[in-house]
Amino acid sequence: MAKLDLSKAKYAKLKKFIDENQGETCGLMPVLHQAQEIFGCIPIEVQKFISEELNVSVAEIYGVVTFYSRFSTEPVGEYVIGVCLGTACYVKGAQKIIDDIGSKLNIKPEQTTKDGKFTLTATRCIGACGLAPVITINDDVYGRLTPDQIPEILSKYTDELEGE
Ligand code: FES
């Protein structure tokens, strides 16, 4: 799993954002976006902090964090691989794709590789059924996938990381 860093400096950064935007558009969503960016996820500790700062219940914050897929409560990898398991993708072999990616990375769906590079997750239909089966890696979309393309696609991201 990717490392979780809840340092004081990160809390201070979030507090600064809240203070600077107070009284303007500082609703819950912008603060959650900021928290996700700063911490890489929004665990319960951070939800409690936001709850006190904004005077919003933890239950409400938890509801929002778990509803939107862009927020996560646990650290995710540098690259999030979303495999669509919607109907169109499923009938075109998405299960085999997710299984193959999982065995190549040695993780199960909803897990992150030990080096923190990849998180594998199953998604619902992303509206690109004409390209089924479809996967996303962060903002990149790959369609009409066959399992033999997986190693090459993944190597693009590992090479990118190694070259940094
Ligand atoms: S079912 Fe996969 S994109 Fe629609």
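Since we're looking at a predicted model, the values are computed, not measured. Each ligand, and each atom within it, is numbered from 1 in the order the structure gives.
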Parallel, tilted or perpendicular: ring planes of Tyr157 versus Phe118, cut at 30 and 60 degrees: perpendicular

Under-4.0 Å salt bridge between Lys96 and Asp100: yes

Under 2.8 Å from atom 4 (Fe) of ligand 1, the protein N, O or S atoms, given as residue and atom: Cys125 SG, Cys129 SG

Distance-only polar pair, side chains of Glu152 and Ser155, donor-acceptor under 3.5 Å: no

Could you tabulate the donor-acceptor pairs under 3.5 Å formed by side-chain atoms of residues 43-53, not counting sequence neighbours?
{"from": "Gln47", "atom 1": "NE2", "to": "Ile42", "atom 2": "O", "distance (Å)": "3.0"}
{"from": "Ser51", "atom 1": "OG", "to": "Val56", "atom 2": "O", "distance (Å)": "2.8"}
{"from": "Glu53", "atom 1": "OE1", "to": "Lys15", "atom 2": "NZ", "distance (Å)": "3.3"}

Co-members of the apolar cluster containing Ile126 [side chain, <4.5 Å]: Leu131, Val134, Val141

Inter- and intrachain pairs under ring-ring contact (aromatic ring centres under 6.0 Å, His included), touching residues 90-112, at least two apart: none

